[in-house]
Trainee: 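There's a structure below that I have some questions on.
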2 protein chains.
Amino acid sequence: MKIENAIKQSSFTSNYHKMLINLMYTGNWLRDEQMKIFKQHDLLPQHFNVLRIIRGSIPGPIAPKEIKEVLIDKAGDLTRLIDKLEKKELVKRNLCPSNRRKMDISITDKGLQLLEVLNEPMEAFTRRIQQNITEDQAANLSDLLDTLRG
Amino acid sequence: MKIENAIKQSSFTSNYHKMLINLMYTGNWLRDEQMKIFKQHDLLPQHFNVLRIIRGSIPGPIAPKEIKEVLIDKAGDLTRLIDKLEKKELVKRNLCPSNRRKMDISITDKGLQLLEVLNEPMEAFTRRIQQNITEDQAANLSDLLDTLRG
DNA sequence: ATTATTTATTTGTTGCAACAAATATTGTTG
DNA sequence: CAACAATATTTGTTGCAACAAATAAATAAT
């Protein structure tokens, strides 16, 4: 659906303006679509991202500091995000023995299972995208985003 | 800057995956850049959008219902958003005389002035974008976003 | 006309996000 | 080695976001 119809606005001051609006709109759309997937499990996109990063560190644990570095949306508040994951028993915290300023975060079996469960709906979403846009167009879009940011 | 460097991740499972990550990253980037502009005035992007929509209804007032229809990020909570704008004396509320379920929202002189002040930094941002990407590329990008959403 | 339904907005509640400041540990420098 | 700076995480506070439920008024149905 063209952006003009999506937000019921027929004219833009320029193609730049239209692109910027469209980018915000599409970013929100993407976030909302993914939230639908996570919602049944009482997770937010950030929780999912963090959980995957923690899994990615297997076989070792990982510190909040290191999580922050690779996070798409750099959350200022990893402590409470991990609090929530810990409360849901998806991760566990231990004091790092070699550096007591650090916490060793690792994923639990329950956390691994949840990621397994989420795998299918996430792939279904990707398949849905694949029906709309070719892989070349996707690569092209990604390059244009890089260009845009300068 | 290529997305690979921006998030320090060198490989993606596919161009689709890379595009989706890039889209979220760029959406957040755009939000953050705009927030820098609004921050000095203690506004959020949504406040700015709503304020412009209210100005757009001049010479008449506008109801929350109508604002919601054209909003990019459809906020469920317009009441409190307008509360905040009213507290800052940027808009005023009146009961609609013809339909007392509705509120007539209109922008104040102070609100108009603020939009004037924000005009320049907003245009500066657009100029910055223009240096990175041509208008044709922008139109192309916007079309690809439409295609992606299906 | 009385009741029911829909529409428009507000309110209550709960949890999350943002920012600054606090705490505790480690590293550095004179 | 004592004092200071840097690092890693937590805590406090305040405000915003999400969702359901409440209120209030207009419209429709009997």
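Atoms considered below: every heavy atom in the structure, side chains included; atoms not considered: hydrogens, waters and symmetry mates.
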Trainee: Would you kindly give the CZ-to-C1' distance between R100(B) and dT23(D), to the nearest whole Å?
Mentor: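 These atoms are roughly 14 Å apart.
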Trainee: How long is the line joining CD1 of I62(A) and P of dT9(D), in whole Å?
Mentor: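 That distance rounds to 10 Å.
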Trainee: State, yes or no, whether a side-chain contact exists between R93(A) and D83(A) at a heavy-atom distance under 4.5 Å.
Mentor: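 Yes - at least one pair of side-chain heavy atoms lies under 4.5 Å apart.
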Trainee: Using whole Å, report how far CG of L95(B) lies from C1' of dT23(D).
Mentor: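 Rounded to whole Å, this separation is 13 Å.
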Trainee: What distance do M24(A) atom CE and R31(B) atom CZ have between them, rounded to the nearest 0.5 Å?
Mentor: 12.0 Å
Trainee: How long is the line joining CZ of R80(A) and C1' of dA17(D), in whole Å?
Mentor: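 Result: 16 Å.
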Trainee: More 5' along DNA chain C: N99(A) or L44(A), using each one's nearest nucleotide?
Mentor: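 Result of the comparison: L44(A).
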Trainee: So, is R93(A) near the phosphate of dT10(D), with a side-chain N or O under 4.0 Å from OP1 or OP2?
Mentor: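 Checking R93(A) against dT10(D): at least one side-chain N or O falls below 4.0 Å of OP1 or OP2.
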Trainee: Would you indicate which nucleotide in dT10(C), dA8(D), dT10(D) comes nearest to any side-chain atom of K65(A)?
Mentor: dA8(D)
Trainee: So, OP1 or OP2 of dC16(D): does either fall under 4.0 Å of a side-chain N or O from Q46(B)?
Mentor: no
Trainee: Should K102(B) be listed as having a side-chain N or O under 4.0 Å from OP1 or OP2 of dA25(D)?
Mentor: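 Looking at the OP1 and OP2 atoms of dA25(D), neither is under 4.0 Å from any side-chain N or O of K102(B).
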Trainee: Return whichever of M35(A) or I82(A) has its heavy-atom-nearest nucleotide of DNA chain D closer to the 5' end.
Mentor: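 Between the two, 5'-proximity favours I82(A).
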Trainee: Calculate the interatomic distance between K68(A) atom NZ and dA17(C) atom P; express it in whole Å.
Mentor: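 To the nearest whole Å, that distance equals 14 Å.
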Trainee: Side chain of M103(B) only, heavy atoms from C-beta on: which candidate in dT10(C), dA18(D), dA17(C) is closest?
Mentor: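 Selected nucleotide: dT10(C).
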Trainee: Should the side chain of R101(B) and the base of dT7(C) be counted as holding a donor-acceptor pair, with the cut-off at 3.5 Å?
Mentor: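 Present.
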Trainee: Measuring from the side chain of K39(A) (C-beta onward, heavy atoms only), which nucleotide among dT10(C), dT10(D), dC19(D) has the closest atom?
Mentor: dC19(D)
Trainee: Have a look at D146(A) and tell me which of T26(B), N22(B), N5(B) forms a side-chain hydrogen bond (donor to acceptor under 3.5 Å, both in side chains) with it.
Mentor: N22(B)
Trainee: Go through it in stages, so that I can follow the logic: the residues are L145(B) and I3(A), the test is side-chain contact (heavy atoms from CB on, under 4.5 Å), and I'd like the CA-CA distance, side-chain angles, deciding distance and then a yes or no.
Mentor: CA-CA 9 Å; L145(B) 292 171; I3(A) 185 70; over 6 Å; no
Trainee: D42(A) has an atom CG; how far is it from atom P of dT14(C), in whole Å?
Mentor: 15 Å
Trainee: When the distance from CZ of R31(A) to P of dA17(C) is rounded to whole Å, what number comes out?
Mentor: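 Rounded to the whole Å, the gap is 12 Å.
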Trainee: Strictly below 4.0 Å, N to O, side chains only: are D143(A) and K2(B) in salt-bridge contact?
Mentor: yes
Trainee: Between L78(B) (CG) and dT7(C) (P), how many Å, whole number?
Mentor: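 About 18 Å, once rounded to whole Å.
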